[in-house]
Amino acid sequence: MPREIPKAYEPQEIEQRWARAWYEERLYRADAGAPGEVFSIVIPPPNVTGSLHIGHMLDHTEIDILVRWHRMRGYNTLYLPGTDHAGISTQRVVVRQLTEKGIHYRGLGRDEFEKKVWEWKAESGGTITRQMIALGESCDWTRERFTMDPGLSRAVREVFVRLFEDGLIYRGRYIVNWCPHCLTAISDLETVHEQRNGKLWYLRYPVVGSSEHLVVATTRPETMLGDTGIAVHPDDERYTHLVGRKVLLPLMNREIPIVADSFVDREFGSGVVKLTPAHDPNDFEAGKRHGLAEIDVMTDDAKMNAAAGKYAGLDRFEARKKVVEDLTALGLVERVADHVNAVGTCDRCKTDVEPRLSMQWFVKMKPLAEPAVAAVESGQIRIIPENRRTEYFEWMRNIRDWCVSRQLWWGHRIPAWHCGDCAEITVARETPAECAKCGSAKLTADPDVLDTWFSSALWPFSTMGWPEQTADLKKYYPTSALITGYDILFFWVARMIMMGLKFTGQVPFRAVYLHSLVRTAEGAKMSKSKGTGIDPIDLNLRFGTDAMRFVLASMAAPGTDIVLSEDRILGARAFANKIWNAARFLLVNLEKVEATGITLEELAAPEIRAAAPHRRDGKLDLAERWIFSRLAATTAEVNAALAEYRFHEAAHVVYHFFWGDFCDWAIEWVKPRLTGADREDVVVAWRNLFAVFEAALRLLHPFMPFLTEELWHRLPQAAGARSISLQPFPRARPEARDLGAERDMALLQEIVVAARNARSELKLDPRRKVAAEVSVSAPATRALIEANLEPLVRLASLASLHIAPGEGQRLDPAKGAVRSSPDFEICIPFGDAIDSKAEIAKLRKEKERLARDVESKTTRLEDAAFRSKAPGEVVKTMEDTLAERRVELQKLSERLKQLEAAPQE
RNA sequence: AGGCCCGUAGCUCAGUUGGUUAGAGCGCUACCUUGACACGGUAGAGGUCUGGGGUUCGAGUCCCCACGGGCCUACCA
């Protein structure tokens with residue numbers, strides 16, 4: 001490794017180099033035969049047509065942090081990547097491509113089209129996986145899966161057939177959500193409801209054999225062409241006399257019955273509902289109850305068909321206009337009101353969904369949902385954050401059957417064959433030669449494919465080779481956790497749980513962590529179509545992937561959405577740069593040491609680092625005891641935070657340790673020793689510093705893999721050392737905790753800060769070193785200061801620090817600015833210009849604050865109820881604190897009095 | 001309609017079981033180009049936790065109400 005190290009961290013080249021190396025060396029290949037406790041995660045499969053967006057970046061950052069953390073802690077770790085085949089999206093992409101070449105896909109035929117899709121996949125379907133590789137995600141790329149792979153396809157067929165055999169799959173004519181643009185049925189979940197300002201038309205239908213009219217209210221007048229009845233509430237006295245009679249459907253001149261049905265809301269509109277069983281789910285149900293005809297008045301692309309009479313050929317929205325016009329001309333529109341309603345739109349293409357009667361395949365969900373509810377209730381699966389459980393239960397308990405057939409050419413073909421002779425359906429794992437019922441060979445394969453999510457639901461086990469009992473399945477299933485966005489809870493989390501339980505008898509994962517959404521600076525949901533999405537690749541290039549990972553992790557508080565701003569990213573980039581420069585400090589200073597004949601290998605070889613902390617004459621310097629203690633504490637905190645998916649907390653403690661403890665204090669404290677004259681001390685100081693630094697890199701590695709890998713390799717390593725990611729995570733060594741050292745160090749830091757503060761208030765020239773005086777309240781503090789005089793003087797920019805004799809001595813506020821604590825007082829002598837006014841103002845403010853605090857505590861402690869009811873510990877703490885504060889207040893008041901009495905300048 | 005979440009420093013957000021003087025990052029102010037780092041250093045200003053009521057010895061934290069914002073589910077035409 002080159003000793004030259006640039007002044008600022010430039011991530012681009014470094015990230016590229018390591019990403020490639022990790023991938024090419026297959027560094028993260030899992031070994032199902034290896035021992036060890038297992039940690040496994042399957043990626044929530046991204047859409048194969050997609051490219052990485054900021055939501056993936058967050059998701060994958062969290063996954064990769066957990067994966068790297070576990071791997072370093074010795075778990076047998078698997079992170080399995082892959083993509084799903086995204087039926088509708090992919091078909092659309094390829095159809096468009098063909099159209100651009102002047103080819104109509106229907107003309108190609110199904111087989112030929114499928115070939116084209118595979119060609120497209122080979123060429124362009126790898127965007128997101130390439131991006132993941134570039135991001136350095138520690139996946140096992142040898143196990144990459146795709147939902148249309150032969151193995152996974154086999155799992156899909158197996159599941160379909162078994163569900164069918166268990167009576168959980170049926171086929172029938174029902175109202176489904178139909179997308180007239182994608183030309184397929186879609187499920188309820190793929191139908192997104194949107195609030196619209198629409199109209200409510202009140203239409204007059206003449207009652208046959210009477211001069212009366214019945215007024216119906218509708219939001220979709222064009223569907224009246226398919227009306228086959230109208231309904232009123234059975235108890236609605238306004239209309240009881242008309243039940244059983246007929247109305248003459250205007251425009252169509254069709255007589256349709258008036259029926260009574262309690263589903264009608266008397267309060268809404270006129271209390272009369274037109275019934276269009278082929279275009280509305282409620283009407284469909286009502287139609288069944290009353291034996292009404294089902295007249296489909298539209299084509300599959302939502303134009304009016306022959307059943308719509310003279311409106312045939314019109315688009316549904318044109319037809320609406322025309323129908324209203326014609327009815328108006330006939331005087332049959334009583335009135336029009338504004339009306340807000342929820343319109344279903346296609347999740348993929350945003351076209352208004354048409355509820356449409358058609359023959360589809362469905363999965364019965366209730367029997368699958370029950371065990372899935374139980375698994376979460378019993379805690380076999382943990383959902384984090386917990387409040388999402390409510391949503392899960394709510395949805396699961398009201399679950400509706402799942403329409404799984406799609407009228408597409410790209411996807412898993414439904415394994416069903418229709419007999420040309422007896423019309424029976426044969427469902428089978430392998431293409432049957434003859435009809436299961438009549439033996440006829442006139443079989444036609446069902447044209448439909450399955451919903452993409454059907455295969456996604458099997459992902460946790462289909463990727464591991466199920467239905468074979470493979471070594472992977474035995475070792476890595478159930479997986480440890482599923483990390484995904486809360487918006488996807490029902491799409492696959494719930495379905496994976498149902499399918500996992502049904503087909504493996506086990507939960508698919510032991511925990512579900514649902515992270516938040518990344519929002520724009522305005523707090524809006526990012527949207528590709530609105531152009532408000534952030535391209536993470538672009539940000540990674542500009543600021544570094546590590547910085548992006550870190551900022552996402554540090555903002556990823558469970559249950560809170562992330563508002564990403566450039567300022568925050570800059571902060572993370574600065575952190576990366578800080579670490580880089582800490583390394584730079586070590587490496588450039590080392591040259592000076594090497595000049596004396598000490599080698600880097602002697603100071604920082606792996607076995608040397610492993611033997612830390614190193615002692616001098618059996619003793620360890622206070623600052624060293626302290627930093628090793630902080631390291632152990634920080635490690636414990638990181639472990640605890642990550643175990644609970646508290647990424648933001650983990651990121652925060654690492655940040656504070658590295659910057660606040662290590663850079664600000666540990667390095668500063670030790671500086672002179674590193675180039676001192678005492679050879680043995682130099683060696684010990686360096687060894688300890690390197691040991692802490694290297695451990696800190698490992699601590700940080702899950703969050704910032706590239707930077708830490710690069711710096712780790714710049715340290716001397718054993719021959720053949722491959723990667724920091726394969727090194728053990730720091731241990732939380734309780735024996736390294738040294739509360740005494742932490743307390744002592746805190747006291748010394750307090751002295752330094754007090755001195756700096758006094759200097760700053762006095763507006764002393766920062767370069768001017770002054771002789772300061774300190775007094776102590778206890779002999780131990782004196783010893784502590786004496787033992788650490790050099791760093792104290794240096795870090796507080798003093799010329800000297802004189803320790804006043806005895807204990808509890810008050811320093812003279814006339815001589816300089818005095819700062820105090822219960823343990824010490826320090827006096828920084830006034831400079832040439834004495835600004836006693838500022839000093840007085842400062843002290844007054846401080847006094848007020850203290851006085852307020854003393855007063856409130858006094859009141860609390862005088863309260864008999866508090867003393868009797870609060871825990872003794874709390875009372876005791878408050879008493880101690882109050883005593884200290886009183887002394888402080890007393891000191892402060894005296895100082896203030898003296899200053900105020902002195903002549904003002 | 002039902003359910004969930006949020007409202008804490010100028011901004012974006014932490015604050016696990018209620019318990020000392022409520023934290024961070026960025027921004028801001030002053031000073032510092034000190035030989036790791038100006039993507040830096042040092043010091044500092046700045047919130048009484050949306051409002052009201054309640055429980056409690058004690059509430060940012062628990063309960064109720066109001067206001068403001070967001071999200072999800074739902075077949076009211």
Side-chain angles (χ1 to χ4, degrees), chain A residues 5 7-9 175 193 200 216-220 223 231 263-265 267-269 272-276 280-285 339 341-342 355 385 387-388 390-391 394-395 398 486-487 489-490 517 519 521 523-525 543 547 551 554-555 557 559-568 570-589 640 644 646 648-649 652 655-656 663-664 667-668 671 753 756-761 763-767 797 849-850 852-853 856-857 860 863-871 873-875 877-878 880-882 885:
Chain A
I5 170 163
K7 214 169 156 175
Y9 177 50
I175 296 277
H193 290 271
L200 194 59
V216 301
T218 180
T219 53
R220 302 195 55 202
T223 61
F263 94 98
V264 177
D265 180 353
E267 310 299 318
F268 188 88
V272 187
V273 184
K274 60 193 260 321
L275 298 175
T276 324
D280 181 282
N282 283 318
D283 296 2
F284 176 75
E285 297 294 328
H339 181 68
N341 63 337
N387 56 315
R388 297 277 167 200
T390 320
E391 255 169 68
E394 182 70 16
W395 190 75
N398 297 304
Y486 63 71
D487 52 333
L489 177 60
F490 310 131
L517 259 37
R519 296 178 177 280
K525 202 167 168 175
F543 303 107
V551 76
S554 67
M555 298 189 76
T560 310
D561 284 350
I562 293 177
V563 178
L564 197 59
S565 70
E566 199 163 306
D567 283 346
R568 285 296 289 242
L570 285 172
R573 186 187 65 165
F575 180 49
N577 189 58
K578 186 74 181 177
I579 294 155
W580 179 262
N581 274 288
R584 186 165 183 271
F585 169 78
L586 298 190
L587 296 175
V588 296
N589 273 278
E644 288 298 316
R646 304 175 67 80
H648 69 300
E649 216 169 84
H652 180 256
Y655 180 97
H656 180 263
C663 293
D664 289 350
I667 288 185
E668 294 303 330
K671 269 180 179 173
V753 170
R756 285 169 176 172
N757 166 278
R759 289 184 55 103
S760 173
E761 293 296 329
K763 302 209 179 345
L764 294 185
D765 181 338
R767 279 156 301 197
S797 298
R849 241 172 50 163
L850 265 174
R852 251 201 321 267
D853 189 43
S856 90
K857 286 197 171 49
R860 300 278 290 123
D863 184 352
F866 173 69
R867 303 199 75 102
S868 63
K869 291 191 179 172
E873 201 184 325
V874 173
V875 178
T877 311
M878 197 172 286
D880 293 350
T881 315
L882 178 60
R885 298 279 152 80

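Just so you know, these numbers come straight off a predicted model, no measurement behind them. Per chain, numbering begins at 1; letters A, B, ... match sequence-line order.
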[X], nearest nucleotide to its side chain (from [options]):
{"X": "His648(A)", "options": "C76(B), A14(B), U21(B)", "result": "A14(B)"}
{"X": "Ala557(A)", "options": "G3(B), C71(B), A14(B)", "result": "A14(B)"}
{"X": "Val874(A)", "options": "A74(B), G19(B), A36(B)", "result": "G19(B)"}
{"X": "His193(A)", "options": "A14(B), C75(B), C32(B)", "result": "C75(B)"}
{"X": "Arg885(A)", "options": "U20(B), A14(B), A36(B)", "result": "U20(B)"}
{"X": "Arg568(A)", "options": "A36(B), C57(B), A24(B)", "result": "A24(B)"}
{"X": "Phe866(A)", "options": "C71(B), C13(B), G19(B)", "result": "G19(B)"}
{"X": "Lys857(A)", "options": "U12(B), U21(B), U73(B)", "result": "U21(B)"}
{"X": "Ser856(A)", "options": "G3(B), U21(B), U12(B)", "result": "U21(B)"}
{"X": "Tyr486(A)", "options": "C71(B), C57(B), A77(B)", "result": "C71(B)"}

Side-chain donor or acceptor of Glu394(A) under 3.5 Å from a matching atom on the base of A74(B)?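 Such a pair does not exist between side chain and base.
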
Is a side-chain donor or acceptor of Ser760(A) paired with a backbone partner of Arg756(A) at a separation under 3.5 angstrom?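 No: the side chain of Ser760(A) does not pair with the backbone of Arg756(A).
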
Would you confirm whether Arg759(A), through its side chain, and Ser797(A), through its main-chain N or O, come within 3.5 Å as a donor-acceptor pair?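 Yes, because the side chain of Arg759(A) sits within donor-acceptor range (under 3.5 Å) of the backbone of Ser797(A).
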
Give the rounded distance in Å between these two atoms: [atom1] of [X] and [atom2] of [N].
{"X": "Arg860(A)", "N": "G19(B)", "atom1": "CZ", "atom2": "P", "result": "12 Å"}
{"X": "Asn341(A)", "N": "A1(B)", "atom1": "CG", "atom2": "P", "result": "15 Å"}
{"X": "Leu587(A)", "N": "G35(B)", "atom1": "CG", "atom2": "P", "result": "19 Å"}
{"X": "Asp567(A)", "N": "G25(B)", "atom1": "CG", "atom2": "P", "result": "14 Å"}
{"X": "Ile562(A)", "N": "A24(B)", "atom1": "CD1", "atom2": "C1'", "result": "15 Å"}
{"X": "His652(A)", "N": "A14(B)", "atom1": "NE2", "atom2": "P", "result": "13 Å"}
{"X": "Leu517(A)", "N": "C71(B)", "atom1": "CG", "atom2": "P", "result": "10 Å"}
{"X": "Met878(A)", "N": "C57(B)", "atom1": "CE", "atom2": "C1'", "result": "10 Å"}

Considering every strand and a 4.0 Å limit on heavy-atom distances, what is the contact class for [X]: base, sugar-phosphate, or nothing?
{"X": "Lys274(A)", "answer": "nothing"}
{"X": "Glu566(A)", "answer": "nothing"}
{"X": "Pro766(A)", "answer": "sugar-phosphate"}
{"X": "Asp863(A)", "answer": "sugar-phosphate"}
{"X": "Arg646(A)", "answer": "sugar-phosphate"}
{"X": "Asn282(A)", "answer": "base"}

Rounding to the closest angstrom, what is the interatomic distance between [N] and [M] at atom [atom1]?
{"N": "U56(B)", "M": "G18(B)", "atom1": "P", "result": "16 Å"}
{"N": "G35(B)", "M": "G41(B)", "atom1": "P", "result": "14 Å"}
{"N": "C4(B)", "M": "G47(B)", "atom1": "P", "result": "35 Å"}
{"N": "C67(B)", "M": "G52(B)", "atom1": "P", "result": "15 Å"}
{"N": "C64(B)", "M": "G25(B)", "atom1": "C1'", "result": "36 Å"}
{"N": "G46(B)", "M": "A30(B)", "atom1": "C1'", "result": "15 Å"}
{"N": "C32(B)", "M": "G19(B)", "atom1": "P", "result": "43 Å"}
{"N": "C62(B)", "M": "U16(B)", "atom1": "P", "result": "9 Å"}

Closest non-hydrogen atom pair, Pro281(A) against Pro355(A): CD-CB, 4.1 Å

What distance do [X] atom [atom1] and [Y] atom [atom2] have between them, rounded to the nearest 0.5 Å?
{"X": "Asn282(A)", "Y": "Ile175(A)", "atom1": "CG", "atom2": "CD1", "answer": "10.0 Å"}
{"X": "Glu566(A)", "Y": "Arg573(A)", "atom1": "CD", "atom2": "CZ", "answer": "9.0 Å"}
{"X": "Arg584(A)", "Y": "Asn589(A)", "atom1": "CZ", "atom2": "CG", "answer": "10.0 Å"}
{"X": "Arg860(A)", "Y": "Leu882(A)", "atom1": "CZ", "atom2": "CG", "answer": "12.0 Å"}
{"X": "Glu285(A)", "Y": "Leu275(A)", "atom1": "CD", "atom2": "CG", "answer": "12.0 Å"}
{"X": "Thr223(A)", "Y": "Lys274(A)", "atom1": "OG1", "atom2": "NZ", "answer": "2.5 Å"}

With a cut-off of less than 4.0 Å, is there a side-chain N or O of His339(A) near OP1 or OP2 of A77(B)? yes

Please tell me if Arg759(A) has a side-chain N or O lying less than 4.0 Å from either OP1 or OP2 of C32(B). no

Quick check: on RNA chain B, is the nucleotide nearest Pro871(A) upstream (toward 5') of the one nearest Val273(A), or the reverse? Name the residue that is more 5'. Pro871(A)

Please tell me which of Lys869(A) and Thr219(A) maps to the more 5' nucleotide of RNA chain B, matching each residue to the nucleotide holding its nearest heavy atom. Lys869(A)

Once the angle between the rings of Tyr9(A) and Trp580(A) is folded into 0 to 90°, is it parallel (under 30°), tilted (30 to 60°) or perpendicular (over 60°)? tilted

Glu394(A) versus Asn398(A): any side-chain heavy-atom pair under 4.5 Å?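 A side-chain contact under 4.5 Å exists here.
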
What I'd like to find out is whether the side chain of Glu391(A) reaches to under 4.5 Å of the side chain of Tyr486(A), using heavy atoms alone. no

Across nucleotides 38-50 of chain B, 5' to 3', mark each nucleotide with B, S or - according to how protein heavy atoms within less than 4.0 Å reach it. SBSSSSSSS----

Tell me which one of Val563(A), Ile562(A), Val551(A) satisfies side chain to side chain contact (heavy atoms under 4.5 Å, CB included) with Arg568(A).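 For Arg568(A), the side chain to side chain contact (heavy atoms under 4.5 Å, CB included) test succeeds with only one of Val563(A), Ile562(A), Val551(A), which is Val551(A).
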
The dot-bracket string of RNA chain B, counting Watson-Crick and G-U wobble pairs with both distances under 3.5 Å, using [ ] for crossing pairs and | for pairs to another strand, is (((((((..((((.....[...)))).(((((.......))))).....(((((..]....))))))))))))....

